[in-house]
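Predicted, not measured: the structure shown is a model, and the values here were computed from it.
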Amino acid sequence: MAKISVLGAGSWGTALAVLLYNNGHEVTLWSALADEVKMLSEKREHETKLPGVRLPDNMEITTDLEKSLLDPDVAVLAVPSPFTRSTAHQMSSFTRKGQIVVNVAKGVEEHTLMTLSEIISEEIPQADVCVLSGPSHAEEVGKGIPTTCVVSAEKRETAEFLQGIFMSPVFRVYTTPDILGVELGGALKNVIALAAGTADGLGYGDNTKAALITRGIAEIARLGTKMGAKIETFYGLSGMGDLIVTCASVHSRNRKAGYLMGKGYTMKEAMDEVKMVVEGVYSAKAAKSLAEKYQVEMPIIEEVNKVLFEDKPAAEAVQDLMLRDKKVETPMLPW
């Protein structure tokens, strides 16, 4: 049995806390929001973000960050990506040397273009920073629906240790050394999911969705490999797997926000309607900046940014994607 603190009591943090508790671990769930802690403590359920998933009666729920980090074997950082840096900064003075911090959020910081694990390492240099990612909607994980993820760490032993902690009959975990690839796949797929949702909102069909998913992973892989990640990662769980589920699922906040924009909502109206953090909106500008920095062509990402931030009509963005110059799909292959 391990002692684990889950930091962030939104849908994903709550689902993981329940999973880890059911795996036989001693789990503390932390939130910065006193009202959220009060609701979870009294109702033993996240009524707004994860209804129907009951928290065990003896799971501790707290706003005391110092106490949460006092002696856990693992700290799971599950706050939304815009709050990763500020939370990690608060954690720093309470985190001991070599303590494992597992990032489970997905995003790239807009003004620094850093991945979340890079941010955590900068704010908590003494921590052993790892990543868990993959096609894993909280609504399904919380209900024990079979799910597979991948965990990545600097050392194989750490990845295998975490694999053992998270693994269960309904939650299968693989390991990989490619932290950068895992994080880029998880962050950039949210931007592609906005495009897929927008296509749904415009009334397009399965052909369009398949095209966006396939060409989307091509864009992500092009950028990722230029940055030093491994191509194999993008065709695995944290790349193609996560992209498929985020583009297709009714649970996807990014797809839903895109769908609403396809129906004519503004970006702000769509985010207000979803009522949770839409990570893809925060990652879209960063993705465009990375494409420019590494001189990688990413037309879907570019058009999503125009729809989000330049008020370009969504139907016009799709048309411009379709009418781009002729291309070869596999330029690396000889005739």
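Of the possible polar contacts, one joining the Ser86 side chain to the Phe83 backbone as a donor-acceptor pair under 3.5 Å is found. No donor-acceptor distance shorter than 3.5 angstrom exists from the side chain of Thr14 to the backbone of Trp12, with no hydrogens or angles considered. Not one N or O on the side chain of Asn23 forms a donor-acceptor pair closer than 3.5 Å with the backbone of His25. A donor-acceptor pair under 3.5 Å is formed between the side chain of Lys226 and the backbone N or O of Tyr294. Here the side chain of Thr176 pairs no donor or acceptor atom with the backbone of Tyr174 at under 3.5 angstrom. Here the side chain of Glu118 pairs a donor or acceptor atom with the backbone of Thr115 at under 3.5 angstrom. Side-chain atoms of Ser81 never come within 3.5 Å of backbone atoms of Gly107 as a donor-acceptor pair (strictly under, hydrogens ignored). Of the possible donor and acceptor atoms, one in the side chain of Gln126 sits under 3.5 Å from a partner among the backbone N and O of Thr95. Remark: side-chain polar atoms of Thr246 are not paired, donor with acceptor, to backbone N or O of Ala193 under 3.5 angstrom. Distance alone, capped at 3.5 Å, places no donor-acceptor pair between the Ser5 side chain and the Leu69 backbone.
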Review point. Run the side-chain contact (heavy atoms from CB on, under 4.5 Å) check on Lys106 and Lys189 step by step: do they pass?
Key: CA-CA 9 Å; Lys106 296 164 183 176; Lys189 57 88 185 178; 3.9 Å; yes

Point to revise | Evaluation steps, salt bridge (charged side-chain N to carboxylate O under 4.0 Å, His left out), between Lys288 and Glu292 | key: CA-CA 6 Å; Lys288 182 172 180 284; Glu292 290 165 357; 2.9 Å; yes

Exercise for review: I would like to know whether Glu160 and Lys155 meet salt bridge (charged side-chain N to carboxylate O under 4.0 Å, His left out); could you show each step before the answer?
Suggested key: CA-CA 9 Å; Glu160 290 175 348; Lys155 299 176 188 165; over 6 Å; no

Check your understanding: Would Leu55 and Ile61 count as a side-chain contact (heavy atoms from CB on, under 4.5 Å) if you check the C-alpha gap in whole Å, the side-chain angles of each, and the deciding distance to 0.1 Å?
Key -> CA-CA 10 Å; Leu55 275 72; Ile61 304 164; 3.6 Å; yes

Exercise for review: Please lay out, stage by stage, how Tyr282 and Asn190 fare under the test side-chain hydrogen bond (donor to acceptor under 3.5 Å, both in side chains).
Suggested key: CA-CA 9 Å; Tyr282 293 92; Asn190 286 327; over 6 Å; no

Practice item. Please assess Asn305 against Glu310 for the test side-chain contact (heavy atoms from CB on, under 4.5 Å), listing each intermediate value before the final yes or no. Key: CA-CA 7 Å; Asn305 272 275; Glu310 298 175 23; 5.7 Å; no

Check your understanding: Hey, mind stepping through Thr198 and Leu202 against side-chain contact (heavy atoms from CB on, under 4.5 Å) and telling me if it holds?
Key -> CA-CA 6 Å; Thr198 302; Leu202 288 165; 4.2 Å; yes

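Atom CD1 of Ile4 is separated from atom OG of Ser68 by 13.5 Å, given to the nearest 0.5 angstrom. Taking OG from Ser11 and NE2 from His46, the interatomic distance works out to 7.5 Å, rounded to the nearest 0.5 Å. Taking CH2 from Trp335 and OG1 from Thr330, the interatomic distance works out to 7.0 Å, rounded to the nearest 0.5 Å. The CG atom of Leu70 sits 9.0 Å away from the CG atom of Asp64 when rounded to the nearest 0.5 Å. The structure places CD1 of Ile192 at 13.5 Å from CD1 of Ile244, a figure rounded to the nearest 0.5 Å.
Comment: Glu60 engages Lys67 in a salt bridge, judged by a side-chain N to carboxylate O separation of less than 4.0 angstrom. Taking 4.0 Å as the cut-off between side-chain N and carboxylate O, Glu302 and Lys306 count as a salt-bridged pair. Salt-bridge formation is not detected for the pair Arg215/Glu219: no Lys NZ or Arg NE/NH1/NH2 atom is positioned less than 4.0 Å from an Asp or Glu carboxylate oxygen. Between Glu269 and Lys263 there is no salt bridge, since no side-chain nitrogen of the basic residue lies less than 4.0 Å from a carboxylate oxygen of the acidic one. Between Arg85 and Glu109 there is a salt bridge, with a side-chain nitrogen of the basic residue lying less than 4.0 Å from a carboxylate oxygen of the acidic one. Ion pairing of Asp272 with Lys268 is present here, as a side-chain N (NZ or NE/NH1/NH2) and a carboxylate O approach within less than 4.0 Å.
No more than 12 heavy atoms of other residues, nucleotides or ligands lie within 6.0 Å of CD in Gln295, so this atom counts as exposed by the packing criterion. Other residues, nucleotides and ligands contribute at most 12 non-hydrogen atoms within 6.0 Å of the CG atom of Asn207. Crowding of Arg44 atom CZ: a count of heavy atoms from other residues, nucleotides or ligands under 6.0 Å exceeding 12. Dense packing is recorded around NZ of Lys312, with more than 12 heavy atoms of other residues, nucleotides or ligands lying under 6.0 Å away.
Side-chain polar atoms of Asp73 and Gln99 form no donor-acceptor pair below 3.5 angstrom. Glu123 and Ser92 share no donor-acceptor pair across their side chains, judged by distance under 3.5 Å alone. For the 3.5 Å distance criterion, the side chains of Asp178 and Thr233 qualify, holding a donor opposite an acceptor. At a cut-off of 3.5 Å, with distance as the only test, a side-chain donor of Glu36 or Ser31 sits close to an acceptor on the other residue.
No continuous path of ILVMFWY side-chain contacts below 4.5 Å connects Met167 to Val170, so the two sit in separate hydrophobic clusters. Leu40 and Tyr21 fall within the same hydrophobic cluster, defined by Ile, Leu, Val, Met, Phe, Trp and Tyr side-chain heavy atoms under 4.5 Å apart, directly or through other members.
Residue Cys149 comes nearest to Leu132 through the heavy atom pair CB-CD1, 4.0 Å, listed as atom of the first residue, atom of the second, then distance. What you find for Ser136 and Val245 is that their closest heavy atoms are N-CG1, 4.5 Å. In terms of heavy atoms, Phe166 sits closest to Leu19 at O-CD2, 4.0 Å. The shortest heavy-atom contact between Ala127 and Val101 is CB-CG2, 3.8 Å. Closest heavy-atom contact between Leu65 and Met91: CD2-N, 3.9 Å. Gly142 and Val53 make their closest contact through O-CG1, 3.6 Å (heavy atoms, listed as atom of the first residue, atom of the second, distance).
The residue from Val150, Val151, Thr158 that alone fulfils the side chain to side chain contact (heavy atoms under 4.5 Å, CB included) condition with Thr175 is Val151.
Under a cutoff of 6.0 Å and an axis angle of 45°, Lys209 and Tyr204 do not form a cation-pi pair.
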